[in-house]
Peer 1: 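Take this structure, written in structure tokens, and hold onto it; I'll ask about it next.
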Amino acid sequence: MARWLLKSEPDVFGYDDLVAAKREGWDGVRNYQARNFMREMAVGDLAIFYHSNATPPGVAGICKIVKGAEPDPTQFDPKSKYFDPKSSPDDPRWDWVTVAPKKRLRFISLDQLREMPELVECRLLARGNRLSVIPLTDDEFDAIVAAGS
DNA sequence: GCCAACGTTGGC
DNA sequence: GCCAACGTTGGC
């Protein structure tokens, strides 16, 4: 089973929202590298739920992949902010996966994450990183869970 | 194929 | 609000 990290802005959709929704399609990913990672996700994979653009930013919980990649319907919806006029149902460009909450963690701030030796190579902490879907090693994942448990 | 311009992300 | 980093677009 693979391990991942997913970023979301809590003002838009935070961990509490996922708990309330029970499960949710991870919409709005419009970056090819992130999309390709989502295509590698399998049902049962676990992902760290990270709050970006927050005060402070950090980890809020764990979620699980409950449905693999399939076309993100918001790309076809002209009223959606994620609408992509260059995409079509015949040849969809963007996928989503469906996630469900697994376990809330004690909040781990970005500052705390930066102090963890297990994460020195984690892409999340790399300078200028903007990727919203990031693969984690088992060690990285386990270290984050331990820090928030 | 190059690269300048532009838009977005995300920490601060 | 600022700005660094990076991805995408489009003219050539």
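So that the names make sense, note that chain A is the first sequence line, chain B the second, and so on, each numbered from 1. Just so it is clear, the structure is predicted and the values come from calculations on it, not from any experiment.
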Peer 1: Could you check which residues of residues 83-95 of chain A get a heavy atom under 4.0 Å from DNA chain C? Sort them by number, please.
Peer 2: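 When residues 83-95 of chain A is checked for heavy atoms under 4.0 Å from DNA chain C, the hits, listed by number, are K86(A).
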Peer 1: Could you tell me whether R3(A) and D142(A) have a side-chain N and a carboxylate O separated by less than 4.0 Å?
Peer 2: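 The answer is no: the pair does not qualify as a salt bridge.
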Peer 1: In this structure, how many angstroms lie between the C1' atom of dT9(C) and the OH atom of Y32(A), rounded?
Peer 2: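 The distance from OH of Y32(A) to C1' of dT9(C) comes to 12 Å, rounded to the nearest Å.
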Peer 1: If Ile, Leu, Val, Met, Phe, Trp and Tyr residues are connected whenever their side-chain heavy atoms lie under 4.5 Å apart, and connections chain through other members, are F83(A) and W26(A) in the same group?
Peer 2: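 No, F83(A) and W26(A) fall in different hydrophobic clusters.
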Peer 1: Share the residues that join Y32(A) in a hydrophobic cluster, the rule being Ile, Leu, Val, Met, Phe, Trp or Tyr side chains under 4.5 Å apart at the heavy-atom level.
Peer 2: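 So far as hydrophobic clustering goes, Y32(A) is joined with W94(A).
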Peer 1: Starting from C1' on dT9(C), measure out to CZ on R30(A) and report it in whole angstrom.
Peer 2: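 My rounded result for the distance is 17 Å.
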Peer 1: Side-chain contact, heavy-atom cut-off 4.5 Å: E121(A) with T137(A)?
Peer 2: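 The answer is no, as the side chains (C-beta and beyond) never meet within the 4.5 Å cut-off.
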Peer 1: Just to verify, what does S149(A) make a side chain to side chain donor-acceptor pair (under 3.5 Å) with, not counting sequence neighbours?
Peer 2: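 With sequence neighbours excluded, S149(A) shows a side chain to side chain donor-acceptor pair (under 3.5 Å) to K103(A), given in chain and number order.
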Peer 1: To the nearest angstrom, how far is N129(A) atom CG from dG11(B) atom P?
Peer 2: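 About 9 Å, once rounded to whole Å.
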Peer 1: Quick check on contacts: within residues 50-60 of chain A, what sits under 4.0 Å from DNA chain B by heavy-atom distance?
Peer 2: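 DNA chain B contact set from residues 50-60 of chain A: Y50(A), S52(A), N53(A), P57(A).
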Peer 1: Only one of R93(A), R39(A), R30(A) passes salt bridge (Lys or Arg N to Asp or Glu O under 4.0 Å) with D72(A); say which it is.
Peer 2: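 Only one option passes, and that is R30(A).
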Peer 1: Grab the CG-P distance between N31(A) and dG10(B) for me, whole Å please.
Peer 2: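 My rounded result for the distance is 10 Å.
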Peer 1: Using a cut-off of 4.0 Å between protein heavy atoms and nucleotide atoms, how would you tag nucleotides 3-8 of chain B 5' to 3' with B, S and -?
Peer 2: ----BB
Peer 1: Taking only N and O in the side chain of K7(A), is any of them less than 4.0 Å away from OP1 or OP2 of dG10(B)?
Peer 2: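 Yes, K7(A) has a side-chain N/O under 4.0 Å of OP1/OP2 on dG10(B).
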Peer 1: According to a 4.5 Å side-chain heavy-atom criterion applied to Ile, Leu, Val, Met, Phe, Trp and Tyr, with indirect links allowed, do Y82(A) and L6(A) form part of one hydrophobic cluster?
Peer 2: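 No, it is not one cluster - the side chains of Y82(A) and L6(A) are not joined through contacts under 4.5 Å.
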Peer 1: Please report the interatomic distance CG(N36(A)) to CE(M41(A)), rounded to the nearest 0.5 Å.
Peer 2: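 Result: 11.0 Å between the selected atoms.
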Peer 1: Which pair of heavy atoms, one from S132(A) and one from V29(A), lies closest together, and at what distance?
Peer 2: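 Shortest heavy-atom contact: OG-CG2, 4.4 Å.
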Peer 1: I need the I134(A) CD1 to F37(A) CZ distance, nearest 0.5 Å.
Peer 2: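 Between atom CD1 of I134(A) and atom CZ of F37(A) there are 8.5 Å.
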Peer 1: In whole angstrom, give the distance that lies between atom CZ of R114(A) and atom C1' of dG11(B).
Peer 2: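 It is 8 Å, rounded to the nearest whole Å.
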Peer 1: Round to a whole Å and report the spacing from CG of L6(A) to P of dG10(B).
Peer 2: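 Answer to the nearest Å: 12 Å.
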Peer 1: With a cut-off of 3.5 Å and sequence neighbours excluded, list every side-chain donor-acceptor pair involving residues 42-53 of chain A.
Peer 2:
{"from": "D45(A)", "atom 1": "OD1", "to": "A2(A)", "atom 2": "N", "distance (Å)": "3.1"}
{"from": "D45(A)", "atom 1": "OD2", "to": "W4(A)", "atom 2": "NE1", "distance (Å)": "3.0"}
{"from": "D45(A)", "atom 1": "OD2", "to": "A42(A)", "atom 2": "N", "distance (Å)": "3.0"}
{"from": "H51(A)", "atom 1": "NE2", "to": "Y15(A)", "atom 2": "N", "distance (Å)": "3.0"}
{"from": "N53(A)", "atom 1": "ND2", "to": "E9(A)", "atom 2": "OE2", "distance (Å)": "3.2"}

